[in-house]
Amino acid sequence: MSNESEPSGGGFGGTSDGMPGEPSGGTSGAGGLPEPAAGIAARYAFGGPVLDLGALLWDGACLPGAAVRVPLSVLNRHGLVAGATGTGKTKTLQLMAEQLSANGVPVFLADVKGDLSGISVPGAEGEKVRARASEVGQNWSPAAFPAEFYALGGIGTGIPVRATVTDFGPLLLAKVLGLNRTQEQSLGLVFAYADAKGLELVDLKDLRAVVGFLTSDAGRPELKEIGGLSGQTAGVILRSLTAFEQQGAGPFFGEPEFDAEQLLRTAPDGRGLVSVLELPAVQDRPQLFSTFLMWLLADLFHGLPEVGDVEKPRLVFFFDEAHLLFDGASKAFLDSVAQTVRLIRSKGVGVFFVTQSPTDVPSDVLGQLGNRVQHALRAFTPDDAKALRATVRTFPTSPYDLEEVLTGLGTGEAVVTVLGEQGAPTPVAATRLRAPQSLMGPVEAAALESAVRGSELYGRYAQAVDRESAYEKLAGAETEAEAGVPSERKGREREPEPEPSLVEQVMGSGMFKSLARSVGTQLGREITRSVFGTTRRRRR
């Protein structure tokens with residue numbers, strides 16, 4: 001891949017003129033540092049493996065001898081990377097991902113703007129990078145990291161990531177369709193009906209076919225037997241599905257379904273694989289990609305075994321544009337997110353939410369995020385000022401005037417607090433962050449395409465498969481019902497008593513016997529529902 005471009009100007013070149021609100025340095029402490037700074041630096045001097053974030057800022061000066069670090073062992077305690085647009089959040093993700101990979105930890109990155117593909121090639125040394133490295137005491141050298149590139153449904157450049165509708169589940173689908181609480185519950189009933197009748201929901205046309213059947217003359221008797229589902233609500237769901245499909249969402253749902261455990265791989269040299277989900281092609285569907293990210297996380301949660309406390313996480317998952325996940329979400333959805341985040345820690349997975357303000361994240365989730373990298377916030381409006389004050393209240397008590405510090409940070413600077421090796425939070429540290437070693441910007445389109453096609457996973461996931469599922473079965477049932485079923489065949493398939501309904505006759509027809517073929521493809525697998533109503537199929 002080409003690496004001729006200079007690192008982006010919005011990278012780590014700028015420096016602040018001083019840190020407003022910082023206390024002045026007192027007498028010298030350990031290592032010749034000012035006494036307050038020495039006390040803070042001592043709390044970041046961990047004994048085990050760490051990620052080096054940068055150097056302490058104190059009284060307007062960067063102190064390269066006062067390193068700000070986070071222990072590798074606490075990264076499954078989750079975290080938050082926040083800050084206004086243009087403050088350096090993307091570079092922070094890149095910096096952390098590089099060091100995680102170097103320590104053998106796989107990483108997942110959601111690349112919303114298309115800026116992170118450069119992690120796969122060495123960075124370009126320039127004046128800004130040299131200056132930043134000198135300021136923070138970094139021994140910088142260019143380096144590339146093993147990366148795999150994905151794209152939702154194959155829209156854009158990347159290995160296609162798809163989910164079946166049944167595995168995506170009713171709660172996540174209701175979120176992405178914008179359904180209200182009543183409609184969300186009704187969609188759950190439709191999923192339960194499809195499960196009970198052996199109607200596999202692989203793609204959107206399968207779900208549309210089931211809802212369409214239930215609202216048809218033939219399906220109304222069945223609809224009455226599904227408690228709590230009205231014909232009017234079923235009609236709303238059907239219209240929402242049709243509109244969703246017309247907006248181009250169809251390719252995201254189908255087979256082969258992506259196995260989220262592919263994200264846990266390491267490279268042959270032992271470094272963690274950096275999985276980059278390229279999202280620029282679907283930026284106009286933000287609700288869709290944020291919900292798909294939650295599906296990936298839920299799939300991992302449901303499939304991984306418990307491991308308890310670990311020396312390093314099995315995976316660190318960076319959830320970009322996190323506010324989109326929570327906007328307009330139902331209480332049931334938010335409760336499920338909070339439960340997933342709380343429990344996935346014991347499975348060795350760390351989750352970092354990336355957003356503009358901590359107030360974008362519900363308090364039940366925010367309270368579980370032990371590691372914080374807070375870039376600058378702006379206070380141009382009364383709402384901004386209110387959000388700034390709310391952000392300050394989420395930090396431990398600090399000698400800094402955090403309102404002033406947070407509005408005075410430069411690009412590539414942040415306020416940091418992390419969990420120590422014993423689980424106690426560190427003091428707040430204003431930090432000038434290190435420069436990434438890989439390219440700070442996208443790679444060329446041709447190089448990205450070549451990397452995607454050269455992946456060992458490309459042949460497995462590139463071509464969509466449309467097997468027989470609910471749509472085909474219901475279409476076949478309708479044809480068979482119109483043609484009539486010989487009475488002697490009915491006698492062989494069903495007992496005359498009690499009198500079967502029309503749908504029961506359809507379910508017992510030869511067309512539905514084709515379910516055995518589908519079951520054959522799922523042989524040795526079981527389906528269980530997770531906290532999101534998603535399913536997880538696991539080999540026995």
Side-chain angles (χ1 to χ4, degrees), residues 70-82 96 100 105-108 110 167-172 174-175 184 260-261 263-264 290-327 329-355 357-374 390 393-396 417-426 528-536:
V70 55
L72 205 59
S73 60
V74 304
L75 289 176
N76 67 328
R77 305 288 185 93
H78 311 316
L80 178 76
V81 178
M96 295 179 72
L100 285 163
V105 178
V107 181
F108 173 87
D167 282 8
F168 200 73
L171 199 55
L172 288 172
K175 165 68 175 172
E184 175 186 290
E261 292 188 20
L263 305 178
L264 302 174
S290 67
T291 312
F292 245 92
L293 293 183
M294 197 66 231
W295 169 76
L296 280 173
L297 196 59
D299 196 44
L300 282 166
F301 164 71
H302 198 55
L304 292 176
E306 299 278 340
V307 295
D309 290 328
V310 290
E311 291 184 359
K312 62 181 181 182
R314 297 184 66 183
L315 171 73
V316 175
F317 192 104
F318 288 92
F319 203 126
D320 204 0
E321 299 292 344
H323 66 282
L324 298 170
L325 182 70
F326 304 113
D327 287 348
S330 68
K331 184 179 185 303
F333 183 88
L334 294 176
D335 288 346
S336 295
V337 172
Q339 183 179 1
T340 302
V341 172
R342 182 173 65 254
L343 297 178
I344 204 170
R345 167 184 168 266
S346 65
K347 301 193 175 190
V349 176
V351 183
F352 276 73
F353 290 96
V354 185
T355 189
S357 170
T359 57
D360 295 334
V361 181
S363 57
D364 285 352
V365 177
L366 187 62
Q368 300 177 50
L369 310 182
N371 303 294
R372 302 275 298 276
V373 181
Q374 176 66 61
R393 289 196 296 271
T394 66
F395 280 91
T417 180
V418 303
L419 293 178
E421 292 163 313
Q422 304 305 315
T426 58
T528 58
R529 290 281 172 189
S530 78
V531 292
F532 278 100
T534 57
T535 63
R536 174 72 183 179

Roughly how far apart are Ser73 OG and Glu421 CD, rounded to 0.5 Å? 5.5 Å
So, for Val307 and Val310, which heavy atoms are closest and what is the spacing to 0.1 Å? CG2-CG1, 3.7 Å
When you measure from the side chain of His323 to the backbone of Val361, do you find a donor-acceptor pair of N or O atoms at a distance under 3.5 Å? no
Can you name the closest pair of heavy atoms from Gly348 and Asn76 and give their distance? C-CB, 4.3 Å
Nearest 0.5 Å, what's the CZ-OG distance between Phe326 and Ser290? 9.0 Å
Can you list everything that forms a side chain to side chain contact (heavy atoms under 4.5 Å, CB included) with Pro106? Sequence neighbours excluded, please. Thr266, Leu315
Quick one: salt bridge (Lys or Arg N to Asp or Glu O under 4.0 Å) partners of Glu184, sequence neighbours excluded? Arg181
Restricting to side chain to side chain contact (heavy atoms under 4.5 Å, CB included), what partner residues turn up for Ser346, sequence neighbours left out? Glu306
Look up atom CD in Gln368 and atom CD1 in Ile344, then write down how far apart they are to the nearest 0.5 Å. 11.5 Å
Is there a donor-acceptor contact under 3.5 Å from the side chain of Lys175 to the main chain of Leu325? yes
Shortest non-hydrogen contact from Leu80 to Thr355? CD1-CG2, 4.1 Å
Could you pull out the closest heavy-atom pair between Pro358 and Gln374, with the gap in Å? CG-OE1, 3.2 Å
Once ring pair (Phe, Tyr, Trp, His ring centres under 6.0 Å) is applied, do any residues pair with Phe352, and if so which ones, sequence neighbours excluded? Phe318
Is the shortest side-chain heavy-atom distance between Phe317 and Leu296 below 4.5 Å? yes
Please list, chain by chain and in numerical order, all residues satisfying side chain to side chain contact (heavy atoms under 4.5 Å, CB included) with Asp320, sequence neighbours excluded. Ala110, Val112, Val354
Those residues at least two apart in sequence (or on a different chain) that pass side chain to side chain donor-acceptor pair (under 3.5 Å) with Asp327 are none
Would you call Phe108 and Leu293 a side-chain contact if the rule is heavy atoms closer than 4.5 Å? yes
Ignoring hydrogens and angles, tell me if any N or O in the side chain of Asn371 forms a donor-acceptor pair with the backbone of His78 under 3.5 Å. yes
Please collect all salt bridge (Lys or Arg N to Asp or Glu O under 4.0 Å) contacts where either partner lies in residues 359-373, sequence neighbours excluded, each pair once. none
Under the side chain to side chain contact (heavy atoms under 4.5 Å, CB included) criterion, do Leu72 and Leu100 qualify, and how do the steps go? CA-CA 8 Å; Leu72 205 59; Leu100 285 163; 3.8 Å; yes
Heavy-atom closest pair (Leu171 atom, Ala332 atom, distance to 0.1 Å) is CD2-O, 4.1 Å
Return the orientation label for the Phe292 and Phe168 ring planes: parallel under 30°, perpendicular over 60°, tilted otherwise. tilted
Hey, are the side chains of Glu311 and Pro71 touching, using non-hydrogen atoms and a 4.5 Å cut-off? no
In chain order, what residues pass the side chain to side chain donor-acceptor pair (under 3.5 Å) check against Ser363, with sequence neighbours excluded? none
Could you pull out the closest heavy-atom pair between Ala260 and Leu300, with the gap in Å? O-CD2, 3.6 Å
Any residue meeting side chain to side chain donor-acceptor pair (under 3.5 Å) with Arg345, in chain and number order, not counting sequence neighbours: Asp309
Using the test side chain to side chain donor-acceptor pair (under 3.5 Å), find all partners of Asp335 that sit at least two apart in sequence or belong to another chain. Lys331
Side chain to side chain contact (heavy atoms under 4.5 Å, CB included) with Gln422: which residues, sequence neighbours excluded? none
Under 3.5 Å, is there a donor-acceptor pair between the side chain of Lys347 and the main chain of Leu304? yes
